[in-house]
*Asks:* 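What follows is a structure written as structure tokens; I'll ask about it next.
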Amino acid sequence: MNSPATWDQETFAAAVGDAVWAPSIHNSQPWRFRRTEDGVDVLVDQRRVLPVSDPEGRAARVSCGATVFNLGLALAVAGAPAVCTVRPGGASVHLARDVGRAATPLERRLHRQIRRRHTNRAPFAETHVDAGVVTQLEEAVAREGGWLDFAADEPTLTSLAALTRQADAQLRVNPRYVAELRAWSESADLAVEGVGRQAAGAAPHPAELMPRRDFGGPEHDDTRDPTRGPAVAVFGVHGDHAVDEIRAGIVLQRLLLLAADLGLAVAMYSQPIEMPVVRERLRLAVRRAHSPQLVLRFGYAPTTCYTNRRPVADVIVADAVG
Ligand SMILES: Cc1cc2nc3c(=O)[nH]c(=O)nc-3n(C[C@H](O)[C@H](O)[C@H](O)COP(=O)(O)O)c2cc1C
């Protein structure tokens, strides 16, 4: 018999099926899910933390936060919403049943975007992102305890782009970084993880304003810069500890699903976050007390190819629930 304090196996497995469509660094999917007597635990899968790009597990925790947000939405829409508590140390998150409330219309809307949202590395249209849309995104992030600072003028955009370029150039000359990136974009089992050629977009052009990470996409002869024009923002939360990184992922996923709901395409950049000196310069550039967690580029573009995910059975840890 199932404990009334937790979800039944079927609801849990179906919700995990949605949760795994969260974004993760290099599509490494560093998460595991376990049903317990009093709810569900989402655990950071330490075996999947990237040793070179993410030695401290920061990006893995952000990725886990994103999957937690999806899981919460899926459970809410299934009729049994959750309240989540990030455990001290940030190695796991506990979700408990939030009895006596139904899914909100916004939760339903965001849930519908879980499998539509994807990282878009294709050229964005020149179409301007409306000031009203920018405000909506900024306010949504602020309400959840984060901050999202759009480059409001050309000099700010130029300096954010310069920092991203600087970090990207430093990373590219590290053979261990290049080998790790190749492992996730070429030799990885692309049917279930990693970033394949189609999702990679065209190979980054040396002169592009916001240098995309090189996932081995095909060379192209279009001389237009696919990253020029749209809106660039720096994202973070009010804290720098492991628990804040999980929270950052939770807020990030809400932001990404809202952006998808508004018809926006999003590209992500963590090169400047991976280089401590550059990350600090980025923090100073946006005048924030805490370190940024990601740089994002928003715009309009057709849907590109989706990445894949491991089967649900591979990410569920056997539980001991009677
Ligand atoms: C913490 C974090 C950092 C990321 N950094 C980058 C990045 O630097 N460049 C990039 O193209 N995508 C980046 N991504 C996006 C992932 O590559 C993407 O989420 C993953 O491949 C799954 O694809 P999807 O987002 O299309 O579902 C990042 C995602 C997360 C969660």
Side-chain angles (χ1 to χ4, degrees), residues 21-25 62-63 65-66 69 106 109-110 112-144 146-165 167-168 195 199-202 204 208-213 224-237 248-273 282 285-286 288 292-307:
W21 288 97
S24 62
I25 181 96
V62 173
S63 308
F69 186 71
L106 178 62
R109 254 172 57 205
L110 296 182
R112 278 197 289 277
Q113 297 301 330
I114 288 181
R115 289 167 194 252
R116 294 187 191 148
R117 177 219 62 83
H118 65 293
T119 306
N120 200 319
R121 302 179 184 85
F124 290 5
E126 302 262 324
T127 319
H128 194 71
V129 180
D130 204 62
V133 172
V134 164
T135 308
Q136 218 177 320
L137 298 175
E138 286 172 344
E139 287 180 355
V141 169
R143 266 198 306 276
E144 299 303 318
W147 47 268
L148 183 69
D149 296 339
F150 278 87
D153 50 34
E154 203 58 35
T156 313
L157 178 61
T158 306
S159 71
L160 297 187
L163 290 170
T164 309
R165 266 202 308 282
D168 189 65
V195 180
E208 63 191 33
L209 179 71
M210 290 292 295
R212 289 164 302 135
R213 221 197 274 268
R224 283 171 309 169
D225 179 350
T227 70
R228 195 165 280 279
V232 174
V234 185
F235 163 77
V237 291
I250 294 174
V251 184
L252 173 68
Q253 183 63 355
R254 177 185 284 276
L255 165 67
L256 295 174
L257 294 177
L258 178 63
D261 187 56
L262 294 169
L264 289 162
V266 183
M268 297 188 234
Y269 297 85
S270 53
Q271 301 99 312
I273 312 299
L282 192 61
V286 292
R288 288 287 176 178
Q293 299 292 347
L294 205 60
V295 174
L296 300 128
R297 187 163 54 87
F298 298 86
Y300 297 94
T303 295
T304 53
C305 202
Y306 294 85
T307 49

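All values derive from a computational prediction rather than experimental measurement. Residue numbers start at 1 and run along the sequence shown.
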*Asks:* Among Leu294, Leu296, Val295, exactly one meets side chain to side chain contact (heavy atoms under 4.5 Å, CB included) together with Tyr269. Which residue is that?
*Replies:*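 For Tyr269, the side chain to side chain contact (heavy atoms under 4.5 Å, CB included) check succeeds only for Val295.
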*Asks:* Is it the case that the side chain of Thr307 and the backbone of Val195 share a donor-acceptor pair, with hydrogens and angles ignored and the cut-off at 3.5 Å?
*Replies:*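 A pair under 3.5 Å: no.
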*Asks:* Taking only residues two or more places apart in sequence, or in another chain, which ones meet Phe298 in a ring pair (Phe, Tyr, Trp, His ring centres under 6.0 Å)?
*Replies:*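 By the ring pair (Phe, Tyr, Trp, His ring centres under 6.0 Å) rule, Phe298 matches Phe150.
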*Asks:* Could you tell me which non-hydrogen atom of Gly299 sits nearest to which non-hydrogen atom of Val129, and how far apart they are?
*Replies:*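 Of all heavy-atom pairs spanning Gly299 and Val129, the closest is CA-CG2, 3.9 Å.
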*Asks:* Would you say that Val62 contacts Ile25 through its side chain, given a criterion of any heavy-atom pair below 4.5 Å between the two side chains?
*Replies:*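 Not touching, per the 4.5 Å side-chain cut-off.
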*Asks:* List for me each residue that meets side chain to side chain donor-acceptor pair (under 3.5 Å) alongside Arg116, sequence neighbours excluded, and say none if there are none.
*Replies:*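 With sequence neighbours excluded, Arg116 shows a side chain to side chain donor-acceptor pair (under 3.5 Å) to no residue whatsoever.
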*Asks:* What residues, two or more places apart in sequence or in another chain, satisfy side-chain contact (heavy atoms from CB on, under 4.5 Å) together with Pro211?
*Replies:*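 Only Thr164, Arg165, Asp168 meet the side-chain contact (heavy atoms from CB on, under 4.5 Å) criterion with Pro211.
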*Asks:* Quick check against the 3.5 Å criterion: does Asn120 have a side-chain atom that pairs as donor or acceptor with the backbone of Pro302?
*Replies:*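 Yes; judged by distance alone, with no hydrogens or angles, the pair exists.
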*Asks:* Which atom names give the shortest non-hydrogen contact between Pro292 and Trp147, and what distance separates them?
*Replies:*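 Looking at all heavy atoms of both residues, the shortest contact is CA-CH2, 3.8 Å.
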*Asks:* Please check this pair: side chain of Ser63 against backbone of Ser24, looking for a donor-acceptor N/O pair closer than 3.5 Å.
*Replies:*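 Between the backbone of Ser24 and the side chain of Ser63 there is no qualifying donor-acceptor contact (under 3.5 Å).
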*Asks:* For Ser159, check side-chain contact (heavy atoms from CB on, under 4.5 Å) against everything at least two apart and list the hits.
*Replies:*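 Ser159 satisfies side-chain contact (heavy atoms from CB on, under 4.5 Å) with no residue once adjacent residues are dropped.
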*Asks:* Should Leu110 and Leu106 be marked as a side-chain contact (heavy atoms from CB on, under 4.5 Å) after you check the CA-CA gap, both sets of side-chain angles, and the distance that decides it?
*Replies:* CA-CA 6 Å; Leu110 296 182; Leu106 178 62; 4.0 Å; yes
*Asks:* Which residues pass the side-chain contact (heavy atoms from CB on, under 4.5 Å) test with Ala66, sequence neighbours left out?
*Replies:*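 Here the qualifying residues are Ala22, Pro23, Gln253.
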*Asks:* Hey, does Thr227 have a side-chain heavy atom less than 4.5 Å from the side chain of Val232?
*Replies:*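 Not in contact.
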*Asks:* According to salt bridge (charged side-chain N to carboxylate O under 4.0 Å, His left out), does anything in residues 130-144 pair up with another residue at least two apart or in another chain? List the pairs.
*Replies:*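 Found Glu144-Arg254.
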*Asks:* Compare all side-chain heavy atoms of Phe69 with those of Leu252 and state whether any distance is below 4.5 angstrom.
*Replies:*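 Heavy-atom side-chain distance check fails, nothing below 4.5 Å.
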*Asks:* Report the residues that fulfil ring pair (Phe, Tyr, Trp, His ring centres under 6.0 Å) with Tyr300, sequence neighbours left out, ordered by chain and then residue number.
*Replies:*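 By the ring pair (Phe, Tyr, Trp, His ring centres under 6.0 Å) rule, Tyr300 matches no residue at all.
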*Asks:* Taking only residues two or more places apart in sequence, or in another chain, which ones meet Thr304 in a side chain to side chain donor-acceptor pair (under 3.5 Å)?
*Replies:*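 Thr304 satisfies side chain to side chain donor-acceptor pair (under 3.5 Å) with His118 once adjacent residues are dropped.
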*Asks:* What residues form a side chain to side chain donor-acceptor pair (under 3.5 Å) with Arg212, not counting sequence neighbours?
*Replies:*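 Checked Arg212 against side chain to side chain donor-acceptor pair (under 3.5 Å); matches are Glu208.
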*Asks:* Which residues pass the side-chain contact (heavy atoms from CB on, under 4.5 Å) test with Ala167, not counting sequence neighbours?
*Replies:*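 Partners of Ala167 by the side-chain contact (heavy atoms from CB on, under 4.5 Å) criterion, ordered by chain and then number, come out as Gln271, Pro272, Met275, Val278.
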*Asks:* So, taking the atom named CD1 in Ile114 and the one named CG in Leu256, what distance separates them when rounded to the nearest 0.5 Å?
*Replies:*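 One gets 11.5 Å once the value is rounded to the nearest 0.5 Å.
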*Asks:* According to the salt bridge (charged side-chain N to carboxylate O under 4.0 Å, His left out) rule, which pairs have a member within residues 258-267, sequence neighbours left out?
*Replies:*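 Listed once each, the pairs are Arg109-Asp261.
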*Asks:* Which residue pairs pass the salt bridge (charged side-chain N to carboxylate O under 4.0 Å, His left out) test when at least one of the two sits in residues 147-160, sequence neighbours left out?
*Replies:*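 Only Asp149-Arg288 qualify under salt bridge (charged side-chain N to carboxylate O under 4.0 Å, His left out).
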